[in-house]
Amino acid sequence: MISFLFIIFLLLIIYKIYNSVIHVSSNTPPCLPRLPIIGSYWHLLWHDYEYPYNGIIHYVNKLQSKIVTCYFGSHKTIIANDYKSIKEVLTKQEFNGRPINVDIVLQRAFGKSLGIFFTEGTLWHEQRRFALRHMRDFGFGRRHEIFETNVMEEIAILVDMLKEGPINDEEKKFLKNGYACFPDILYPYVANVILNIMFGERFDRSQYHKLIYFCESSMMFQKSLDTSGGAIFQFWFLKYFGNIFGYTNAIKATYQMINFIEEYIDNKKDLDDYDKGLIGRYLKILKEKNNITSTFSQKQLIMTLVDFMFPATSALPSALVHAIKLVMHHPRVVNNIQEEIDRVVGTGRLVTWSDRKNLPYIEATIRESLRYETLTPLSVFHKTLKKTTLCDYDIPKDTLVVTNLVALNTDPDLWGDPENFRPERFLDENNELRKDFTFPFGFGHRVCPGETYSRYNMFEVFAVLMQNFNFSFVEGEPTGLDDKESGLIVTPKKTWIQVKARNMK
């Protein structure tokens with residue numbers, strides 16, 4: 001009997017190996033090498049442990065296919081690696097799903113499918129529509145006079161901090177006369193601007209340490225995993241190994257953000273002013289119990305806030321520091337930027353959003369920095385909602401689909417010299433902006449809802465800093481272009497930079 005059971009067990013193992021290694025559908029994209037159970041992830045780590053997406057590019061070239069199959073554990077995943085296939089993924093409705101049943105995705109949201117990033121169907125449609133409709137009333141993704149005035153006030157504080165130095169012991173941690181620690185110096189700005197939309201108010205400079213705490217929490221979450229989600233995404237039981245696979249930090253960081261938001265909500269629940277930010281509008285719906293639908297709840301509100309706030313307080317400052325470091329390594333670009341600003345805006349006022357149309361070189365530099373340093377190499381995973389095709393390949397329902405943005409942004413067939421930092425590639429012969437073939441915020445129905453907001457803030461901060469300051473490297477600090485850290489996004493290492501006010505003419 002024991003021998004019979006052993007034979008059955010052995011046959012099952014052989015079948016599993018055959019099914020996972022040998023058998024391939026006749027119309028499936030070429031598959032990366034993989035092993036039973038752990039799939040292809042080990043091969044990616046073996047190629048580049050810190051940045052596993054480089055392993056994907058290696059196999060794309062080896063397999064000579066812009067679309068490949070990869071197994072993250074047992075998750076069959078299709079990876080699109082060029083403009084044509086990526087755009088098809090982003091524009092076809094069949095690819096609008098999300099991996100909503102992954103354990104760590106659920107654990108970060110009270111054990112449920114909540115929020116905006118990792119939801120789909122009715123909940124996603126209703127909650128995203130409600131949030132954006134009301135956030136726009138406070139300046140999110142549209143021109144709004146009060147919002148832009150508040151932004152310029154926060155920008156002015158940032159400029160004053162850099163020129164005059166710290167005013168309390170908390171600021172001395174990231175600010176010295178003539179020197180600033182990046183990205184920390186940017187945290188109060190990025191946090192206060194998004195909080196103003198969500199909470200309907202801003203924190204005073206004396207409370208900036210609270211904003212920095214939230215930003216550091218969002219950064220901790222970003223750095224806890226890798227851009228593929230990591231081993232914890234593939235194997236739920238690894239959460240019992242503590243922080244070895246990033247689980248502890250991911251959950252700790254998430255609930256630090258949740259607690260920050262919950263404390264604020266608890267203090268505002270009994271107020272009747274429902275016109276203060278998204279929170280006020282949402283609490284009004286919750287109070288009118290007869291109008292509540294099944295998708296509205298306080299936990300959904302909290303996770304919606306987290307999903308909007310943690311990218312704004314981690315991805316935005318990271319992208320800004322990448323851009324600043326890139327131009328510091330290319331003095332010619334700095335000269336071109338400052339010449340354009342001096343010629344168009346002058347020195348009597350700060351650059352504003354209205355100047356953007358007349359400052360194409362600055363916009364081209366920002367676009368080039370987002371291309372050169374891909375912040376989200378594999379973007380956010382998609383999932384097929386039903387059986388479909390991708391560039392004539394058959395893709396089954398519930399298949400994970402990944403857009404490899406770093407492969408797109410380094411494709412020599414598209415860019416010619418992708419290894420060079422050259423803002424001019426985004427300008428035509430008339431010095432006007434060309435079509436942007438990158439997708440830093442996605443595209444289609446699943447486009448990042450904060451794209452316009454992020455582009456606005458990145459332009460505003462970057463342009464004002466270039467207008468008012470010159471930046472210099474500090475010896476011994478991690479200011480090289482390779483001084484960065486992997487995670488869900490690619491973040492720059494903290495670094496001190498010398499900041500000198502320009503001798504304005």
Test salt bridge (charged side-chain N to carboxylate O under 4.0 Å, His left out) applied to Glu373 and Lys484, step by step: CA-CA 10 Å; Glu373 188 59 75; Lys484 54 193 179 183; 3.1 Å; yes
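- Using the six-membered ring where Trp is involved, Phe426 and Trp415 have ring planes that are tilted, between 30° and 60° apart.
- Within the 3.5 Å criterion, the main-chain N or O of Ile251 finds no donor-acceptor partner in the side chain of Arg108.
- The side-chain contact (heavy atoms from CB on, under 4.5 Å) check on Ala407 picks up Ile57, Asn81, Asn404, with sequence neighbours excluded.
- Geometrically, Lys299 engages Phe110 in a cation-pi contact, judged by NZ or CZ lying under 6.0 Å from the ring centre and within 45° of the ring axis.
- The 12-atom threshold is exceeded at CD of Glu201, counting heavy atoms of other residues, nucleotides or ligands nearer than 6.0 Å.
- Checking side-chain atoms of Arg202 against main-chain N and O of Asn196 turns up no donor-acceptor pair under 3.5 Å.
- Asn420 and Tyr372 share no donor-acceptor pair across their side chains, judged by distance under 3.5 Å alone.
- Looking at Arg367 and Leu433, their side chains come closer than 4.5 Å, going by heavy atoms from C-beta outward.
- Between Phe235 and Phe237, the ring-plane angle classifies as tilted under the 30° and 60° cut-offs.
- Of the N and O atoms on the side chains of Ser314 and Gln222, at least one donor lies less than 3.5 Å from an acceptor on the other residue.
- The closest donor-acceptor contact from the side chain of His382 to the backbone of Phe95 lies under 3.5 Å.
- Residue-environment remark: CZ (Phe443) stays at or below the threshold of 12 foreign heavy atoms within 6.0 Å.
- For the residue pair Tyr282/Gln127, the side-chain donor-acceptor check at 3.5 Å is satisfied.
- Within the 3.5 Å criterion, the main-chain N or O of Asn409 finds no donor-acceptor partner in the side chain of Thr374.
- By the side-chain contact (heavy atoms from CB on, under 4.5 Å) test, Glu88 pairs with Lys92, Leu390, Cys391, sequence neighbours left out.
- Judged by distance alone, the side chain of Asp483 and the main-chain N or O of Thr479 form a donor-acceptor pair under 3.5 Å.
- Listed here is the closest heavy atom pair of His134 and Arg281: ND1-NH1, 2.9 Å.
- Looking at Thr384, its side chain never comes within 3.5 Å of a backbone N or O of Glu94 through a donor-acceptor pair.
- Here the options are Arg205, Gln207, Glu154, the test is side-chain hydrogen bond (donor to acceptor under 3.5 Å, both in side chains), and the partner is Asn192; only Glu154 passes.
- The ring of Trp496 has its center no closer than 6.0 angstrom to the ring center of Tyr179.
- Between the side chain of Gln256 and the main chain of Ser217, no donor-acceptor pair closer than 3.5 Å is present.
- Annotation for Glu419: atom CD counts as buried by contact number, over 12 foreign heavy atoms lying within 6.0 Å.
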Candidate pair Tyr189 and Tyr208, rule ring-ring contact (aromatic ring centres under 6.0 Å, His included), full reasoning: CA-CA 9 Å; Tyr189 170 84; Tyr208 274 5; over 10 Å; no
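- Side chains of Thr452 and Arg143: no donor on one and acceptor on the other come within 3.5 Å.
- By the 30° and 60° cut-offs, the orientation of the rings of Phe140 relative to Phe308 is perpendicular.
- Distance alone, capped at 3.5 Å, places no donor-acceptor pair between the Asp160 side chain and the Ala156 backbone.
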Step-by-step salt bridge (charged side-chain N to carboxylate O under 4.0 Å, His left out) determination, Asp184 to Lys494: CA-CA 8 Å; Asp184 299 41; Lys494 286 189 178 186; 3.0 Å; yes
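- Ser85 and Asp82 share a side-chain donor-acceptor pair at under 3.5 Å.
- Without hydrogens or angle criteria, Asn249 side chain to Met220 main chain gives no donor-acceptor distance under 3.5 Å.
- The aromatic rings of His144 and Phe147 stand perpendicular to each other, their planes meeting at an angle above 60°, with 30° marking the opposite boundary.
- With no hydrogens or angles considered, a side-chain donor-acceptor pair links Ser218 and Thr313 at under 3.5 Å.
- Residues Tyr361 and Val333 have side chains in contact (heavy-atom distance under 4.5 Å, counting atoms from C-beta outward).
- Between Phe199 and Phe260, the ring planes lie parallel to each other; the angle is under 30°, not in the 30° to 60° tilted range.
- A donor atom on one side chain and an acceptor atom on the other are found under 3.5 Å apart for Asp226 and Tyr41.
- The aromatic rings of Phe471 and Phe469 are tilted relative to each other, their planes meeting at an angle between 30° and 60°.
- Screening His330, His329, His322 for a ring pair (Phe, Tyr, Trp, His ring centres under 6.0 Å) involving Phe421 leaves a single residue, His330.
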